[in-house]
Amino acid sequence: LRCVALGTDTTDACFDDHGGLCPEAARDIYNEENPDRPIGPCGPVSTECTTPPEAGQVCLEAGVLVRGSDEDGYATATPGHTAHVSPFWMDVREVSVEDYRGCIAEGRCRLPVMDAAADYITDDANLDRPVVGLHLFNMNEYCRFSHPNGRLPTETEWERAARGLSGRTYPWGEDAACGRAATHGCQ
């Protein structure tokens, strides 16, 4: 679980249903006053985060990225296509059990209903581990608790964070590197 917050004033750009810049807003339209800054139908489009940073978050700049892949893989990831993403702030690290327990203590979050997930969260041995087993409702509660404008990242934002604007296959490059992550096909 990681949370995001918008990186710009929403008055600067139009957004699609997935939190990205609508194609019309992301298209470079000549701006006579400032040729380095494109203009969309809703006004100037910022590629950088212009809102103040949230604690523990990093800015991911706007841009056009390739989502999915044309190679064999999961059917829902094909074909590869371009997507526009607006600038946003994303948590640097995953939410820990200790972080989530702080939200519970404040009365803003609840223990998950699944016994195994609740047992994991209440076990002190897991305090510094990532929180797991949460329902979408629980994750949204936490994001709103942790950041004033917090929410879960969209699929496009996750892919932007993991692949960058260069379209690399993995966050660290092109090799599966089975020792670095639990990826499909690793043993």
Give the C-alpha distance, both sets of side-chain angles, the deciding distance and a yes or no for side-chain contact (heavy atoms from CB on, under 4.5 Å) between Leu134 and Tyr142. CA-CA 10 Å; Leu134 297 180; Tyr142 181 82; 5.7 Å; no
Sorted by chain and number, sequence neighbours left out, side-chain hydrogen bond (donor to acceptor under 3.5 Å, both in side chains) with Arg110 holds for Glu141
For residues 111-123, tabulate all N or O donor-acceptor pairs below 3.5 Å that involve a side-chain atom, not counting sequence neighbours.
{"from": "Tyr120", "atom 1": "OH", "to": "Pro130", "atom 2": "O", "distance (Å)": "3.1"}
{"from": "Thr122", "atom 1": "OG1", "to": "Ala118", "atom 2": "O", "distance (Å)": "3.0"}
{"from": "Thr122", "atom 1": "OG1", "to": "Asp119", "atom 2": "O", "distance (Å)": "3.2"}
{"from": "Asp123", "atom 1": "OD1", "to": "Ala125", "atom 2": "N", "distance (Å)": "2.9"}

Check Arg93 with Asp128, please: is the shortest side-chain N to carboxylate O separation under 4.0 Å? no
Go through it in stages, so that I can follow the logic: the residues are Trp89 and His147, the test is side-chain contact (heavy atoms from CB on, under 4.5 Å), and I'd like the CA-CA distance, side-chain angles, deciding distance and then a yes or no. CA-CA 10 Å; Trp89 295 98; His147 305 291; over 6 Å; no
Nearest 0.5 Å, please: how far is [atom2] in [Y] from [atom1] in [X]?
X      : Y      : atom1 : atom2 : result
Phe88  : Arg151 : CZ    : CZ    : 8.0 Å
Ser86  : Leu60  : OG    : CG    : 10.5 Å
Leu127 : Tyr100 : CG    : OH    : 15.0 Å

Look only at the side chain of Arg160 and the backbone of Glu61, and say whether a donor-acceptor pair between them is shorter than 3.5 Å. yes
Shortest non-hydrogen pair, Gly150 vs Arg144, comes out as O-CG, 3.7 Å
Taking every heavy atom of Glu157 against every heavy atom of Leu152, the minimum-distance pair comes out as OE1-O, 4.4 Å
Counting C-beta onward and ignoring hydrogens, is there a side-chain heavy-atom pair between Ser96 and Arg129 closer than 4.5 Å? no
